[in-house]
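One structure is given below, encoded as structure tokens.
Note that the coordinates shown come from a computational prediction; the quantities given were computed from them, not determined experimentally. Residue numbering restarts at 1 for every chain, and letters A, B, ... go by the order of the sequence lines.
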Amino acid sequence: MKKDSELLNDLNESQREAVLYNEGPSLVIAGAGSGKTRVLTYKVAWLIQQGLPPESILSLTFTNKAAREMRERIASMVGWFVARRIFMGTFHSVFGRFLRTHAALIGFTPDFTIYDTTDSKSLMKSIIKDAGLDEKQYKTTTVLNRISSAKNHLIAARVYVNDENIMRADREQQMPMLGELYMRYADRCKMSNAMDFDDMLLFTNILFRDHPDVLQQYQDFFQYILVDEYQDTNFAQYLIIKKLAENHHRLCVVGDDAQSIYSFRGANIDNILGFQKQYPECRLFKLEQNYRSTQTIVNAANSLIGKNHGQIRKHVFSENEKGEKIEVKGVYSDMEEGFSVANDIRSLHRKDSYEDIAILYRTNAQSRVIEDAMRKSAIPYRIYGGLSFYQRREIKDAICYLRLVLNTNDEEALKRVINVPTRGIGETTLRKLLDSAHLHGVSVWEVLHDPISFNLNVHSGTSRRLAEFASIIESHRQHLTDRDAYTLAKEIIQSSGLLREAREDESAEGKSREENLEELLNAIHDFSDSRYEETGETVLLKDFMAEVSLQTDQDQKEDDAQTEKVTLMTVHAAKGLEFKHVFIVGMEEELFPSNLSRTEREIEEERRLFYVALTRAKQTCHISHARSRFRNGQTNLCTPSRFLSDIDLTYLDIEDSNLFRDPSGGAETYEDEWLRERQTFGGAVFRREHPEVLGSHISTSEKKDLRHLKKIPTTSAPERRTEAPNGMRIGSVVEHANFGKGIVEDLTTLGNDWRATVRFEHVGVKNLLLKFAKLTILKP
DNA sequence: TCTTCATAGTTTTTT
DNA sequence: ACTATGAAGA
């Protein structure tokens with residue numbers, strides 16, 4: 001264990017002050033890259049050194065990953081044995097544990113299911129249908145968002161329908177039935193012994209409100225509370241913290257109002273802005289020195305965020321080297337953007353590892369083009385977000401089997417797997433089951449389990465199949481406590497027929513499904529192993545299931561770490577991370593800021609999001625925007641993002657679009673890419689309809705050099721030639737640095753550019769632009 | 001009554 | 001590209 005003095009020597013003045021003040025509430029405003037995690041970890045280590053028992057420290061983070069990393073860092077200071085005891089995790093994982101402990105007090109059993117967004121959607125959809133409402137008028141996502149927002153404000157269903165103002169507002173929104181839907185949703189969740197993410201926070205509050213003894217138990221237990229990313233907390237979370245810290249006020253919240261990017265999820269920036277009012281005796285610490293990025297990046301980010309209003313005043317600065325300007329590049333299309341990034345990554349890779357590089361985008365949908373370019377350029381990458389492992393169909397199916405065995409009332413799980421793999425229980429039968437259950441006010445399982453009592457009207461064959469299904473599930477239930485998680489899960493998945501079905505499917509897809517199922521079992525095995533080491537007790541299925549629903553893609557274990565990879569993720573997912581080199585792609589209006597963000601408040605949040613993106617970069621930052629982008633099934637014209645003009649021009653290096661640059665020194669299908677772009681973008685029909693495509697309306701903007709894009713070159717057909725200016729002819733033998741030797745099969749010109757088609761000995765035919773490809777003529 | 005095949009409509013960000 | 005519905009076959 002480090003000595004006190006050593007511990008403090010690693011900190012700068014303001015960091016040290018923040019670490020040392022623990023007598024009352026404190027607010028630490030931590031600019032990007034200012035060593036926020038350092039303060040948090042040192043503070044915890046310090047508290048422990050001062051004699052506070054580790055388990056009396058509650059440390060709340062935003063992601064599981066953040067919690068894990070923090071625990072590791074603390075462990076390196078105070079040792080694993082001690083670090084393990086700290087209460088550290090996300091709101092959902094920590095309070096999920098409490099909720100299971102006290103489940104009976106709030107009308108659940110300890111094995112309640114956590115519904116993910118897919119489950120919630122599916123449930124709400126069926127509720128809307130059952131209610132006979134128009135699905136156009138009541139869109140599931142809209143309804144769920146509204147309910148989510150209510151829950152975040154601790155408005156339970158019964159309160160909701162009794163609130164005159166809310167009901168009037170709903171009527172004005174043409175959705176008078178919202179309250180009714182909320183009621184039904186809550187009832188169905190309860191009947192299923194299930195909660196969604198928002199419920200977990202809501203019920204924690206209900207638990208604390210209705211059971212002061214329980215609250216007091218935790219108030220006494222936790223002597224110090226730390227909250228990371230405080231700017232992203234919502235009202236429900238705010239209140240939980242407030243209650244827990246009520247008696248002693250030993251509370252430290254850390255955050256950066258400039259990085260508040262989750263208001264769509266109910267995060268309320270006022271929590272952090274109002275903290276000082278809430279605790280007048282609070283001490284404020286500002287961490288303003290950025291240790292992460294170059295001066296250029298910090299200053300550029302400052303100039304950007306300065307365009308927002310209502311922030312806590314602070315001056316983030318860097319004493320690192322000045323660094324390179326931020327490169328802003330306009331490219332022709334989303335595809336070219338991918339190749340342009342790939343190209344730049346190649347040159348960075350001469351010096352730096354792929355691990356030092358990240359590509360950030362606003363929406364997950366943008367990843368595909370980028371992935372494409374990476375694959376074609378043979379750049380290894382790792383992608384976060386999008387479909388996570390646990391969202392894949394076969395995995396979700398398998399998990400639902402496990403869920404059902406653990407909690408037979410789980411209606412969504414039952415609906416999902418009752419006919420997967422197909423066992424002759426179709427829609428009609430399911431309909432009858434559901435109707436009967438809802439009519440009698442019982443769970444679907446009860447009807448399924450005892451169809452005769454509920455007069456379920458099905459054929460004898462169907463009846464037999466239902467009984468068969470029920471008995472499969474039932475047979476595993478007796479082993480919930482006497483088999484370990486892995487063994488039981490394996491048995492369940494085997495008996496489900498999912499594995500058999502995947503094996504019988506000879507296609508590549510079937511193969512991968514089989515592998516994924518194996519992978520799931522491996523994950524359960526790994527989990528059991530490490531959990532067993534910690535506790536020394538048999539790890540049960542419920543232990544695994546309690547964690548798995550709170551696992552997100554961010555938390556996935558590092559894959560084969562031996563190959564270095566470029567990281568691809570959304571800006572949201574990148575929060576808290578840093579990379580030597582950052583590429584921000586798709587910096588266009590309608591995309592970043594999103595077309596869905598219209599109000600000033602929303603735009604400011606998008607601006608903060610861009611701020612987060614910029615400040616991920618340690619050394620260099622590369623921004624690109626495309627002229628045309630394929631989105632929602634069509635090609636759109638795009639203009640550069642307004643945020644680009646928010647950055648002080650002195651920090652930017654604006655490059656013109658460099659069309660038709662050979663993207664990778666000869667990517668395999670460059671010709672195809674090129675041709676496709678011609679068709680969708682440069683085609684005559686398109687140009688006739690949109691003469692302004694050539695850029696006239698764009699160049700009128702104030703920042704000409706920023707907004708101006710190179711004219712789209714003429715689309716004259718390639719002309720065939722026999723000899724290039726450098727002496728290359730058809731039939732010449734050439735050599736390429738990457739592809740080796742080859743024979744020139746064709747030579748063409750395109751405007752001023754020369755292009756050669758070369759058949760290489762080993763890698764086949766490539767189309768190369770002579771301007772860029774490094775070809776040596778071996779034999780003319 | 002169930003399954004399979006074809007066609008149409010979709011996409012912000014996430015614990 | 002990916003799901004969600006609908007129609008026809010079994």
Give one of base, sugar-phosphate or nothing for R368(A), where a contact means two heavy atoms less than 4.0 Å apart. base

For the base of dT13(B) and the side-chain ring of Y262(A), does the geometry meet a stacking cutoff of under 5.5 Å between centres and under 30° between planes? no

Can you label the angle between the H92(A) ring and the F197(A) ring as parallel, tilted or perpendicular, going by 30° and 60°? perpendicular

Over 60° means perpendicular and under 30° means parallel, so classify the ring planes of F208(A) and Y218(A), tilted if in between. tilted

What is the distance from CZ of R631(A) to P of dT12(B), rounded to the nearest Å? 9 Å

Below 30° counts as parallel, above 60° as perpendicular, anything between as tilted: where do the rings of F95(A) and F98(A) land? perpendicular

Starting the side chain at C-beta, find the nucleotide from dT15(B), dT12(B), dT1(B) nearest to T90(A). dT15(B)

Atom NZ of K136(A) and atom C1' of dA8(B) are separated, to the nearest Å, by 12 Å

By the 4.0 Å heavy-atom rule, please label K125(A) as base, sugar-phosphate, or nothing. sugar-phosphate

Rounding to a whole Å, what distance do you find between Q366(A):CD and dA1(C):P? 18 Å

Whole angstrom is fine here: how far is it from CD in E602(A) over to P in dT13(B)? 15 Å

CZ of F610(A) versus C1' of dT12(B): gap in Å, rounded? 17 Å

Whole angstroms only, please: what is the CG-P distance between D334(A) and dT11(B)? 20 Å

Reckon N419(A) touches a base, only the sugar-phosphate, or nothing at all at heavy-atom distances under 4.0 Å? sugar-phosphate

Pick base, sugar-phosphate or nothing for S597(A), based on heavy-atom distances below 4.0 Å to the nucleic acid. nothing

Pairwise 5' ranking along DNA chain B for T428(A) and F264(A), keeping only the more 5' one: T428(A)

May I have the distance from I128(A) (atom CD1) to dA4(C) (atom P), rounded to whole angstrom? 14 Å

Using the side-chain heavy atoms of L596(A), tell me which of these nucleotides is nearest: dT12(B), dT14(B), dT3(B). dT12(B)

Indicate, with yes or no, if the rings of F108(A) and H102(A) have centres closer together than 6.0 Å. no

Roughly, in whole Å, what's the span from CZ in R601(A) to P in dT13(B)? 21 Å

Looking only at the side chain of T570(A) (C-beta and beyond, no hydrogens), which of the listed nucleotides dT14(B), dT11(B), dT15(B) gets closest? dT14(B)

